[in-house]
There are 2 protein chains.
Amino acid sequence: MKLLRNTLLETFVTVAECGGFSDAQFALGITQSAISIRIRDLETSLGYRVCERGRGGFRLTEQGEIAYQKARDMLRSARDFDAELLELRNAVTGDLRIGVVDAVSSLPGLNLAVALQRFLQRPNEVRLEIVVASPIDLTQQLISGELHVAIAPFRSLSPDLDYVELCAEEHRLYCSTSHPLFDRPAEDIGPQILSQYPLCQRTYDMLVSPDLGLPEPRAVVANMEAMAMLIETGQYIGPLPEHFAKPRVAQGLFRELASPELCWSSPFSLATRRAQVHRRAVELFVQDVQAACAAVSYD
Amino acid sequence: MKLLRNTLLETFVTVAECGGFSDAQFALGITQSAISIRIRDLETSLGYRVCERGRGGFRLTEQGEIAYQKARDMLRSARDFDAELLELRNAVTGDLRIGVVDAVSSLPGLNLAVALQRFLQRPNEVRLEIVVASPIDLTQQLISGELHVAIAPFRSLSPDLDYVELCAEEHRLYCSTSHPLFDRPAEDIGPQILSQYPLCQRTYDMLVSPDLGLPEPRAVVANMEAMAMLIETGQYIGPLPEHFAKPRVAQGLFRELASPELCWSSPFSLATRRAQVHRRAVELFVQDVQAACAAVSYD
DNA sequence: CAATTACATAAGAAATTTTCATGCAAATAT
DNA sequence: ATATTTGCATGAAAATTTCTTATGTAATTG
């Protein structure tokens with residue numbers, strides 16, 4: 001159940017994350033004195049102090065900070081290594097670290113909940129981990145091995161990754177009730193009018209529709225909720241996925257500023273690190289996501 | 001002194017390499033029965049048998065074969081990881097795995113012996129490992145982490161590697177005493193004449209001078225000694241580094257078929273995996289190689 | 001200034017790992 | 001065919017390692 005891995009390093013990482021020995025007791029399931037000894041042994045073999053501790057407070061030393069990051073990364077790949085060996089007995093096990101962009105849960109065409117359900121119904125011993133981040137961060141984390149799969153509208157494709165297109169996400173521009181444009185008749189709405197109002201944009205990939213000559217964005221966000229909040233202020237117009245804005249539109253809070261030039265969609269893909277074979281868990285999850293997408297498109 | 005690493009895996013790898021438990025006793029420094037227990041424990045936690053053994057002979061199982069390769073790779077990176085943490089205390093330690101092409105020892109302009117001497121004179125606890133392979137293999141091994149640095153005439157550059165040019169290697173075409181061309185006057189030698197004789201070429205990068213319209217090579221080799229042997233038969237003409245052929249020319253065994261079109265040189269570079277920072281040992285060795293090259297060029 | 005918190009340390013207890021002795025089965029020698 | 005040797009497995013005792021308990025110390029807090 002744990003082939004690679006090393007108690008000293010695991011202790012160190014846990015201690016660093018707990019911010020001290022006493023909290024780490026519970027995380028590690030051993031006594032404080034055992035932790036004290038382990039850290040002492042680690043420091044002895046490393047030849048330097050990894051953390052300052054005591055009643056005065058806890059903090060990693062300069063070297064400890066670097067060691068911590070390296071150790072954390074190494075333990076992660078050690079776990080993946082374990083899983084690789086264990087999966088040779090045809091088990092499905094190990095970590096499955098999934099990354100997605102935010103506001104993905106309501107995206108029609110990608111039923112992630114169903115995909116997860118399918119996956120979890122298989123016999124497996126997998127430990128799931130789901131993180132939310134921007135496409136750019138997700139790409140980085142895939143390459144570094146922090147993630148196994150990621151689902152996002154990837155704008156720039158990395159040569160180190162493999163992509164499978166899943167579905168498309170429809171985008172529109174929106175404003176809120178308190179915005180001057182809210183009550184303007186639909187025929188008035190066009191690029192020229194829009195360009196006179198402050199625009200809120202996404203940081204990560206400038207997902208607004210192909211060059212509308214819209215003004216420099218006055219605000220940028222990395223999250224759909226945050227985008228919605230800024231639009232809600234009435235100070236900004238901003239792009240949102242249609243599925244995400246829908247409830248607010250239905251409530252009469254938002255208005256879609258839809259002229260033909262302001263409708264666009266971005267393709268959602270699933271990305272994995274380029275490799276001959278993936279871990280069984282990864283392989284199966286990818287299948288399940290694709291199956292879930294296919295099921296949706298038949299509806 | 002060993003942070004990551006795991007006794008079970010190390011035992012397994014050593015046993016696999018020794019081809020049995022009894023030989024591995026000496027390699028591991030423990031008794032045969034301890035090995036037996038360790039392998040049993042490993043198999044218990046993996047859930048499958050890694051090797052068939054007994055008086056009937058030793059061999060890895062199908063799963064064991066895969067596990068062995070993964071484990072070997074993993075232990076290698078575990079050692080590198082150890083070295084990274086240890087080098088935070090300003091030590092120079094760990095493995096330094098160097099790859100070169102063959103016949104590099106006599107290359108003027110690259111005094112590898114001096115570079116190694118410089119490196120070894122520094123205070124360090126490094127374990128050296130030097131392998132000889134073709135530029136293509138070296139590139140692969142750098143990318144996979146099997147090697148830390150490689151020195152070779154790299155023809156195609158990988159985006160995953162960093163290159164530093166060191167010096168150039170002069171090449172000429174040669175034939176031996178028993179070859180029909182050996183006694184032809186120098187003014188007869190030209191591409192037209194040469195193209196009538198079988199040519200021996202290198203497998204790895206077709207290092208012969210830029211397109212001479214020479215005939216399809218009749219023999220290929222991946223090693224300078226082998227090239228020299230084939231030329232020595234008198235059946236082939238073939239390219240060799242000038243410095244390598246020199247002793248044989250001096251002995252009157254080879255003749256240089258040197259017309260202006262048949263002189264060319266290939267740049268020798270040092271390659272490392274692209275990374276922000278390298279291990280201290282790697283960094284220092286690269287410096288030493290460059291210093292050794294610079295020293296030569298002042299002579 | 002007492003109480004508390006966070007860690008260090010010593011000694012014994014517990015758990016793990018190794019060795020030693022021996023057993024067994026297959027291959028080889030007689 | 002039988003004996004011997006080789007390669008590994010196993011049980012029990014020994015050795016080593018690791019943990020817990022109990023206690024100590026220093027810095028902070030009330």
Side-chain angles (χ1 to χ4, degrees), chain A residues 1-65 67-68 71 75 78 82, chain B residues 1-61 63-65 67-68 71 75 82:
Chain A
M1 290 283 176
K2 74 174 179 178
L3 301 170
L4 216 57
R5 241 104 40 98
N6 168 290
T7 34
L8 298 193
L9 288 178
E10 283 185 328
T11 306
F12 172 47
V13 167
T14 305
V15 164
E17 282 164 359
C18 291
F21 293 10
S22 11
D23 281 2
Q25 286 183 89
F26 313 107
L28 288 167
I30 56 174
T31 60
Q32 167 268 316
S33 82
I35 295 176
S36 179
I37 294 167
R38 284 189 188 177
I39 296 292
R40 174 170 54 69
D41 290 351
L42 175 67
E43 289 179 330
T44 304
S45 54
L46 283 179
Y48 52 87
R49 217 170 157 75
V50 294
C51 59
E52 299 302 336
R53 62 265 193 185
R55 192 66 190 80
F58 178 92
R59 67 160 216 288
L60 296 180
T61 63
E62 203 176 326
Q63 293 159 314
E65 190 65 57
Y68 163 66
L75 288 178
D82 279 15
Chain B
M1 291 283 175
K2 71 174 184 180
L3 301 169
L4 217 56
R5 240 96 51 91
N6 171 290
T7 33
L8 299 192
L9 288 179
E10 284 186 328
T11 306
F12 172 46
V13 168
T14 306
V15 163
E17 283 164 359
C18 291
F21 293 11
S22 12
D23 280 2
Q25 284 183 92
F26 312 107
L28 288 167
I30 55 173
T31 59
Q32 167 269 316
S33 80
I35 294 176
S36 178
I37 292 167
R38 285 189 188 176
I39 296 292
R40 174 168 54 69
D41 290 351
L42 176 67
E43 290 178 331
T44 303
S45 55
L46 284 179
Y48 52 87
R49 215 170 159 73
V50 293
C51 59
E52 298 302 337
R53 63 267 191 185
R55 194 65 192 81
F58 179 91
R59 66 161 216 287
L60 296 179
T61 63
Q63 292 159 314
E65 190 66 56
Y68 162 68
L75 289 178
D82 278 15

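Naming convention: chains lettered A, B, ... in sequence-line order (proteins, then strands); numbering from 1 in each chain.
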Assign B/Ile37 to base, sugar-phosphate, or nothing according to its heavy-atom contacts below 4.0 angstrom with the strands shown. base
Just the atom pairs and distances: protein N or O near nucleotides 25-30 of chain D's N or O, under 3.5 Å.
none

Without swapping roles, check the side chain of A/Thr14 against the backbone of A/Ala24 for a donor-acceptor pair under 3.5 Å. no
Nearest 0.5 Å, what's the CZ-OG distance between B/Arg53 and B/Ser22? 12.0 Å
Among the candidates D/dC19, C/dC7, D/dT10, find the nucleotide nearest to the side-chain atoms of A/Arg38. D/dC19
If every non-hydrogen atom of A/Arg49 is compared with every non-hydrogen atom of A/Thr61, which pair is closest and at what distance? O-OG1, 2.8 Å
Taking only residues two or more places apart in sequence, or in another chain, which ones meet B/Asp23 in a side chain to side chain contact (heavy atoms under 4.5 Å, CB included)? B/Cys18
If I take atom CZ from residue A/Phe21 and atom CD1 from residue A/Ile39, how far apart are they, to the nearest 0.5 angstrom? 5.0 Å
Can you check the B/Leu42 CG to D/dA9 P distance for me, whole Å? 13 Å
Distance, rounded to the nearest Å, where B/Ile39 contributes CD1 and C/dT17 contributes P: 14 Å
Heavy atoms, side chains only, cut-off 4.5 Å: are B/Arg38 and B/Phe12 in contact? no
From the options D/dA9, D/dT10, C/dA8, select the nucleotide whose nearest atom is closest to the side chain of A/Arg53. C/dA8
Non-hydrogen side-chain atoms of B/Leu42 and B/Thr11 separated by less than 4.5 Å: no
Give each protein N/O atom lying under 3.5 Å from an N/O atom of nucleotides 21-24 of chain D, with the pair distance.
| from | atom 1 | to | atom 2 | distance (Å) |
| --- | --- | --- | --- | --- |
| D/dT21 | O4 | A/Ser33 | OG | 2.9 |

In this structure, how many angstroms lie between the P atom of D/dG7 and the CZ atom of B/Phe21, rounded? 12 Å
From CZ of B/Phe12 over to C1' of D/dC8, roughly how many Å is that when rounded to an integer? 17 Å
Rounded to the nearest angstrom, tell me the gap between atom CD1 in B/Ile35 and atom P in D/dT6. 17 Å
Counting any heavy atom closer than 4.0 Å, what does A/Ser22 reach on the DNA or RNA strands: base, sugar-phosphate only, or nothing? sugar-phosphate
Using atom CD1 of B/Ile30 as one end and atom P of C/dT19 as the other, report the distance to the nearest whole Å. 6 Å
What do the steps show when you test A/Arg40 against A/Ile37 for side-chain contact (heavy atoms from CB on, under 4.5 Å), and what is the final call? CA-CA 5 Å; A/Arg40 174 170 54 69; A/Ile37 294 167; 3.7 Å; yes
Please state how far atom CG in B/Leu8 lies from atom C1' in C/dT16, giving the value in whole angstrom units. 12 Å
What is the distance from CG of A/Asp41 to C1' of D/dT17, rounded to the nearest Å? 10 Å
